Amino acid sequence: MRPAAEAMAADPQLLAAAVEAAIASRSPRLGRAAHARALRLLSPDLPPFICAHLVNLYSKLDLPDAAASALASDPSPTVVSFTAFISGAAQHARPLPALSAFASMLRLGLRPNDFTFPSAFKAAASAPPRSDIGPQIHALALRFGYLPVDPFVSCAALDMYFKTGCLGLARRLFEEMPNRNVVAWNAVMTNAVLDGRPFETIQAYFGLREAGGMPNVVSVCAFFNACAGAMLLLLGDLFHGFVVKCGFHMDVSVSNAMIDFYGKCRCAEKARMVFDAMRVRNSVSWCSMVVAYAHNGAEEDAFTVYLCARSAGEEPTDFMVSSVLTTCAGLLGLDLGRALHAVAVRSCIDSNIFVASALVDMYGKCGGVEDAEHVFFDMPQRNLVTWNAMIGGYAHIGDAMNALAVFSDMITSGKTAPNYITLVNVITACSRGGFTKEGYELFETMRERFGIEPRTEHYACVVDLLGRAGMEERAYEIIQRMPMGPSISLWGALLGACKMHGKTELGRIAAEKLFELDPQDSGNHVLLSNMLASAGRWAEATYVRKEMKDFGIKKDPGCSWITWKNAVHVFHAKDTKHEMNNEIRALLAKLKKQMQASGYMPDTQYSLYDLEEEEKESEVFQHSEKLALAFGLIHMPPGVPIRITKNLRICVDCHRAFKFISGIVSREIIVRDNNRFHHFKQYDCSCKDYW
DNA sequence: CTAGGGTTAG
């Protein structure tokens, strides 16, 4: 060692400075170099605080084992070295080592000071609800006179009581505090938001102001979160002005909270304005912007922001990837989703529970249930959302057997209790899979078995379930005696069922209700007129069409799309503009002959207008989904499943035809319509002809 | 030498 370095190593003050520098640079390498020097110095006349320095170093750098051994090698540990250890463990979400170190120092007869208690309370805050560890520390702090006068200790205790669900104790402590600073008010505000009581947050904010206090960035973030949670766009917008006047908007977290607030209040444009105005952004800013778009049905914009973030040098974090995966699920972008799965693997975040659950969800929603299973069964741990996503995946394809099996695994595992979404998914799977009895039983017993109160969604599921089984009258009875007002989707499910089973009178009732609740929706009018038409009630059917015209309700034009080589090909009915038009027409004509040879008859019963039968046939043969399928068959190599998306429900004739085609050309065809998936395979469809 | 309240996800 050169003399200068030797001199520095021998000087404890310089060594302490080196440790400080290592902490500041957050560099384990510099930290270890400083430690190596300290080890060479270890001798009886070493100043005792060097060990405390090292404990602090390793705690701050999040190197728990090194911190523990530094603490253990301290010949005369002080309250300072213990406090450094406890605070490091508490800050890095390791409450158990923190609390056991706290216990050890008590056993050694060391008295915790006003620096130790805040960290001990922070660790105790992650104890289970109503655990007695927090109150025990409270008793100690009381005995030593830190509570309720010391603001640091009191604030930490306050936060701990909120986080362990002891609201009464928290409020009492807050009342007793003689020095209520902004941090105390912030603890009230942030915890009220976390517990879903946004109005209490806002109330506490005004409490702070009335007490003459000034908010800081934390209060401001909490306020925006509360506005987001309660959808208070006007209040938040007003507050935005105040925030800018005070200069708080220069804080990255505040701007991030504003992006989130505007996004949650359905104002993606304002979220974008905040984002664009930021001079400094971090990964949270990018992620919040993605979420703001994704929550507002702007999946493409969300994805574009993600791509911008990547080209701006942002690493894909677990937060970012799970958020972008939701947009893939919304776009039905299986290929994008797969690409993101690869990104997750490369970034070693694919086993993060949020990312993995988002993958299960995405694969389930995009019609890749086998991939969803792969991710699901490989996961080391699962939570409520994971289970729900997997059951939801099975529900999408109507696989009631597997949905019930996974649901049963969830119950027997005993770790995660089902919630209302779980039940919606299981009953939906039963309904779509034809498990009428099982689904109905679950609905009837969910309150007593799982303590889940049936909501409108469950009623909608069960109406669908009974309707599918041809029990529309029973479904109608249930609708009439349900405690809450029936929703649009409920009447919609009944109308769909009535149409399927020719229950024209009941269908009319459902349709009338739908017209009241949702007068502009074209789908319901079309459904009613089709139902009347297929019952041979042409005059009424025509009347409904006329009404639509009179009230200016336009039928959404049907269109289908298919992805091929990174491009989306969109088809409309009777579309001739596509460059492959001739090939497509020729293939469809050929398929029609083959299908007819296998017993196919065109289903033209819903063609309303006075066309000759031949014209009707030609009309249904130009439906957008058939054009898209032909395009797929021409381009995609044999064996590759063809995935088509349609903006409306798939038509009856196309459904029938796709079953034949899947058998004739031995190809899996997956159609996602605006209601569900249809998985065609060997002359059959997963929906079992009910949708 | 040691301390409290903060922004994003399924």
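On a predicted model such as this, the values are computed, not experimentally measured, just so you know. Letters go in sequence order (proteins before strands), and every chain restarts at 1.
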Visitor: From C-beta outward on Asn181(A), which listed nucleotide comes closest to its side chain: dA9(B), dA3(B), dG4(B)?
Guide: dG4(B)
Visitor: Taking only the side-chain heavy atoms of Ser253(A) (C-beta and beyond), determine which of dT2(B), dA9(B), dT7(B) contains the nearest atom.
Guide: dT7(B)
Visitor: Considering only side-chain heavy atoms of Cys221(A), which listed nucleotide, dT7(B), dG10(B), dC1(B), is closest?
Guide: dT7(B)
Visitor: Hey, does the side chain of Asn56(A) come within less than 4.0 Å of dT2(B)'s phosphate (OP1/OP2), counting only N and O?
Guide: yes
Visitor: Quick check on Arg209(A): does its CZ atom have over 12 non-hydrogen neighbours (other residues, nucleotides or ligands) under 6.0 Å away?
Guide: yes
Visitor: Compare the minimum distances between each of dG6(B), dT8(B), dG4(B) and the side chain of Ala156(A), then state the nucleotide with the smallest one.
Guide: dG4(B)
Visitor: Any donor-acceptor pair under 3.5 Å linking the side-chain atoms of Asn282(A) with those of Ser285(A)?
Guide: yes
Visitor: Just say parallel, tilted or perpendicular for the rings of Phe223(A) and Phe239(A), cut-offs at 30° and 60°.
Guide: parallel
Visitor: Would you tell me if any nitrogen or oxygen in the side chain of Lys264(A) comes within less than 4.0 Å of OP1 or OP2 on dA9(B)?
Guide: yes
Visitor: Between dA9(B), dG6(B), dA3(B), which one does the side chain of Val217(A) approach most closely?
Guide: dG6(B)
Visitor: Would you mind reading off the distance between Lys122(A) atom NZ and dA3(B) atom P, rounded to a whole angstrom?
Guide: 11 Å
Visitor: Consider the side chain of Thr190(A), meaning its heavy atoms from C-beta on, and name the nucleotide among dG6(B), dC1(B), dT7(B) that approaches it most closely.
Guide: dG6(B)
Visitor: With the stacking rule set at 5.5 Å and 30°, tell me whether Phe354(A) counts as stacking on dA9(B).
Guide: yes
Visitor: Nearest to the side chain of Val80(A), heavy atoms from C-beta on, is which of dC1(B), dG4(B), dA9(B)?
Guide: dC1(B)
Visitor: Give the rounded distance in Å between these two atoms: CZ of Phe152(A) and C1' of dA3(B).
Guide: 6 Å
Visitor: To the nearest angstrom, how far is His341(A) atom NE2 from dG10(B) atom C1'?
Guide: 14 Å
Visitor: Out of dT7(B), dG10(B), dG4(B), which nucleotide sits closest to the side chain of Asn256(A)?
Guide: dT7(B)
Visitor: What's the shortest heavy-atom distance between Ala170(A) and Leu158(A), and which atoms?
Guide: O-CD1, 3.2 Å
Visitor: Could you give the CD1-to-C1' distance, from Ile259(A) to dT7(B), as a whole number of Å?
Guide: 9 Å
Visitor: Taking NZ, NE, NH1 and NH2 as the nitrogens, is one of them in Asp237(A) or Lys270(A) under 4.0 Å from a carboxylate oxygen of the other?
Guide: yes
Visitor: Check this one for me: any side-chain N or O of Asn352(A) less than 4.0 Å away from OP1 or OP2 of dG10(B)?
Guide: no
Visitor: dT2(B), OP1 or OP2 - any side-chain N/O from Lys60(A) closer than 4.0 Å?
Guide: yes
Visitor: Compare side-chain N and O positions of Gln91(A) against OP1 and OP2 of dG4(B) and report whether any pair is under 4.0 Å apart.
Guide: yes
Visitor: What is the distance, rounded to the nearest whole Å, between atom CG of Leu325(A) and atom P of dA9(B)?
Guide: 14 Å
Visitor: From C-beta outward on Phe319(A), which listed nucleotide comes closest to its side chain: dG6(B), dT8(B), dG10(B)?
Guide: dT8(B)
Visitor: Does His374(A), at its NE2 atom, have more than 12 non-hydrogen atoms belonging to other residues, nucleotides or ligands within less than 6.0 Å?
Guide: no
Visitor: Give a yes/no on whether any side-chain N or O of Asn225(A) is located under 4.0 angstrom from OP1 or OP2 of dT7(B).
Guide: yes
Visitor: For dT2(B), does OP1 or OP2 lie under 4.0 Å from any side-chain N or O of Ser87(A)?
Guide: no
